[in-house]
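Everything below concerns the one structure shown next.
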Amino acid sequence: MDIDILLSQLNDAQRSSVEYCDGPSLVIAGAGSGKTRVLTYKVAYLLARGFSPWSILVLTFTNKAAKEMRERVCRLVGDSDTGALWMGTFHSVFARILRIECEHIGYSHDFTIYDAQDAQSLVKQIVKEMGLDEKLYKPGMVASRISEAKNNMVTSEAYARDYETMQRDRLQQVGQIHAVYSAYQQRLRQSDAMDFDDLLVNTYRLLKSNPEVRERYQQRFRFVLVDEYQDTNRVQHEVVKLLTEQHHRVCVVGDDAQSIYSFRGAVIDNILDFQKLYPETKLFKLEQNYRSTQTIVGAANSLIDHNRNQIRKDVYSKNEKGEPIDVLEAYSDKEEASIVMRRIRSLRQRQPLEWSDFAILYRTNAQSRTFEEEFRRQGMPYRIVGGFSFYQRKEVKDAVAYLRLAVNPNDETSLRRVINYPTRGIGNTTVQKVSLAAAEADVPMYRVVSSPEDFSTGLNAATCQRLKAFAGMVDTARLMAEEKDAYEVATYIIKESGLWSNIFSGKTIEDLNSQQYLQELMDGIASYVDEATEAGQSASLTQYLQDISLLSDLEEGETDEGNRITLMTAHSAKGLEFPVVFVVGMEEGLFPGERLTTQREIEEERRLFYVAMTRAEHRLFITWSRSRVRFGQFTNCTRSRFIGEISSDFLNNAKGAGRAFFVHDEPERPKERVVVEKKPVPVAPARLTSMRSVTSSYTAQAPLPASSAGLSVGCRIRHQRFGVGTVREIQGTGLDTKATVEFENVGTKQLLLRFSKFDLLDA
């Protein structure tokens, strides 16, 4: 392999970082600057310089990254030189070391590795044995707390001694987590097993407490390279330090501006303070972005420049200047989805773009609902990355099963799904006996559930009472469904079933995701009721269930499986790139998220937006909505502060820093802005009863709104949900008056005027 030919394929900054091998180096790789290329070429360069393959350690975060890097090195130097490389994820490499050296820490060579599901199962068993409340000590939450402690190198003993941690647990009524942690570790040792976190912690213990082992691996690994160093946690950082404390031949590559995983234990200080740990460090900056246009790169730079805690760099692009970034303002989340849909269609008509060239990035998974619904209605193919489709999420399917029972108790599939969820003492044995009794009597299972004493079930009195209590709740909901709208019935059954309080009792990231999905479902039902009422259509639960069933079954066309619009969170998008990107839902409280109290938290949210922006190659669109249905009510929204931090030089609207413009041609008219009533926003499960349908104030005797005075064909109106439109037809008289309106972004709608909320823009 000719070194000169190898190096000639790199730009000056990449080449300099590859050539330096005499000490520690920190390579700050801006977005799209060729980070993987540098790591790959550096390994090849080390081999060409005479380093033995087995003396090079390369640590990555994903198996995919390790595989890709190894394949690239193979293409550069040939297979014979790469087979002995120590290249892989932190967990796989450390597991390999532990298999060899495990006797030093009391494990056999055949120790078992527990995955996340195994770990949760063990936690669940311990919680049960200790007689703790399983509704409070949820396995996922407890396992998450234990994992967090391990990643911060906190033992169960240290956990119990930490006042703040113990106080937090006591306030959350889980003050025995420390005891579960202790028992959990004891059971792992008895089982000769380690969980994923132990692979990291035990490698640290091995190296720290065994000088001869530590020296052996320090001598073995003459050069250590680490990918995505901004994502390392404390224990990973400490192991790298132990392996390199003698020779200091270590190269870490990453970008502090893309550090977005603190919730997983990542410590940004590891990369920010690297030069303090190794004072002789050489700093290299990869600043040329090969991915995006000059406009996108400049806009992202202007945003991230607001972060104080960073390693400054000047990322630039030699690509085309590109189109300005469009900031699209919508009147509601429904119009936002329609605007995105229309822009995608328009771009595809004008340019040779595939569906797969488009990506929609949002802050939370639950935001996918409005886009999924819009794309299905329009027959546009899409895929969800890093999660399930909205209506396939467990918490959504559970809630919908309850709603189906409220209109059809004989739905056996829905009954089986939720009869004991949340747990109410109706186990599998009971369900089996009910099923057998129903089969013998040739009746639906629900008949037995509602009157178990009338059938030969063999169940005791207490169990029969629990079945009847469940049936009583369903019957009440069924009676409500005959008179009330879908939202009122849903509010009742989701609360009374215990589903709401069960989901909102958790504190883990997974719990928060579930809460967002359930809340989004309720908000979607509220929007459905509001829209149906305004159109003079049925807002019943039966109609709602029919509509979402048909929606989920719509054909997506004969489209190539891979040729679909991508929907994902900004977190999931890291490392990916797309020709056209829409970053949606850019509002205060959503992006940046709620409950951010420190500068450190705000800066991570800004880095997340930076990551989202820099996924775009050619076109970038940013959207936000003036209002959203939240907790069952229309709520005013404020444009994200991050939009205002982007230099106006890069935005389509040149006037004023970051001032958003309308997607339609009409000039902005602040004085005519729709006034949306503000309501207190409930945030706790107990407040579900305060959630009220946005249409509940409506009555059959509702007078025509004052805004409809002077309404005539040809008038332009601004609607609270649908945006700006033109009246095409008016039918009926008095309270039955309807207007057919052609809206600019959501198509034609028929409005029953006595229920409509709009402003008249011109007479």
Review point. Just by modelled atom types, is the Tyr20 backbone N or O under 3.5 Å from a matching donor or acceptor in the Lys42 side chain?
Key: yes

Check your understanding: Is a donor on one side and an acceptor on the other found under 3.5 Å between the side chain of Thr614 and the backbone of Val611?
Key -> yes

Exercise for review: Give the intermediate values and the outcome of side chain to side chain donor-acceptor pair (under 3.5 Å) for residues Glu238 and Gln236.
Suggested key: CA-CA 5 Å; Glu238 291 295 331; Gln236 290 164 333; over 6 Å; no

Check your understanding: Under a 4.0 Å N-O cut-off, is there an ion pair linking Glu601 with Arg595?
Key -> no

Practice item. Test side-chain contact (heavy atoms from CB on, under 4.5 Å) on Val73 and Val58 and set out the steps. Key: CA-CA 12 Å; Val73 174; Val58 185; over 6 Å; no

Review point. Hey, does Pro53 have a side-chain heavy atom less than 4.5 Å from the side chain of Leu47?
Key: yes

Practice item. Identify which one of Asp198, Leu199, Leu200 satisfies the side chain to side chain contact (heavy atoms under 4.5 Å, CB included) criterion when paired with Phe196. Key: Leu199

Exercise for review: Walk me through it: do Ile271 and Ile28 pass the test side-chain contact (heavy atoms from CB on, under 4.5 Å)?
Suggested key: CA-CA 9 Å; Ile271 193 168; Ile28 298 298; 3.9 Å; yes

Practice item. Dump the intermediate steps for side chain to side chain donor-acceptor pair (under 3.5 Å) on Tyr278 and Thr244, then the final yes or no. Key: CA-CA 10 Å; Tyr278 301 95; Thr244 61; 2.5 Å; yes

Point to revise | Contact list for residues 55-72, test side-chain hydrogen bond (donor to acceptor under 3.5 Å, both in side chains), sequence neighbours left out | key: Glu68-Arg72

Practice item. Give the intermediate values and the outcome of side-chain contact (heavy atoms from CB on, under 4.5 Å) for residues Met130 and Tyr137. Key: CA-CA 11 Å; Met130 293 178 67; Tyr137 290 84; over 6 Å; no

**Study point:** Geometric class of the Phe221/Trp86 ring pair [parallel <30°, tilted 30-60°, perpendicular >60°]
**Key:** perpendicular

Point to revise | Ser16/Lys282 under side chain to side chain donor-acceptor pair (under 3.5 Å): CA gap, chis, key distance, verdict | key: CA-CA 10 Å; Ser16 297; Lys282 285 226 174 183; over 6 Å; no

Exercise for review: Check for a donor-acceptor pair, side chain of Asn270 on one end and backbone N or O of Thr232 on the other, with a separation under 3.5 Å.
Suggested key: yes

Review point. Is the count of non-hydrogen atoms from other residues, nucleotides or ligands lying under 6.0 Å from Glu164 atom CD greater than 12?
Key: no

Review point. Are side-chain heavy atoms of Gln219 and His247 found at a separation under 4.5 Å?
Key: no

Review point. Should Asp269 and Arg600 be marked as a salt bridge (charged side-chain N to carboxylate O under 4.0 Å, His left out) after you check the CA-CA gap, both sets of side-chain angles, and the distance that decides it?
Key: CA-CA 11 Å; Asp269 300 314; Arg600 193 179 184 91; 2.8 Å; yes

Exercise for review: Please examine the side chains of Arg145 and Asp169, heavy atoms only from C-beta on, and report whether any two atoms are closer than 4.5 Å.
Suggested key: yes

Review point. Heavy atoms, side chains only, cut-off 4.5 Å: are Asp255 and Tyr610 in contact?
Key: yes

**Study point:** Worked check of side chain to side chain donor-acceptor pair (under 3.5 Å) between Glu245 and Gln218
**Key:** CA-CA 8 Å; Glu245 64 182 1; Gln218 287 172 346; 3.2 Å; yes

Point to revise | Distance flag, aromatic centroids of Phe358 and Phe578, threshold under 6.0 Å | key: no

**Study point:** Within 6.0 Å of CD in Glu103, more than 12 heavy atoms from elsewhere
**Key:** yes

**Study point:** His571 side chain near Tyr261 side chain, heavy-atom distance below 4.5 Å
**Key:** yes

**Study point:** Pair Ser262-Glu604, side-chain donor/acceptor within less than 3.5 Å
**Key:** yes

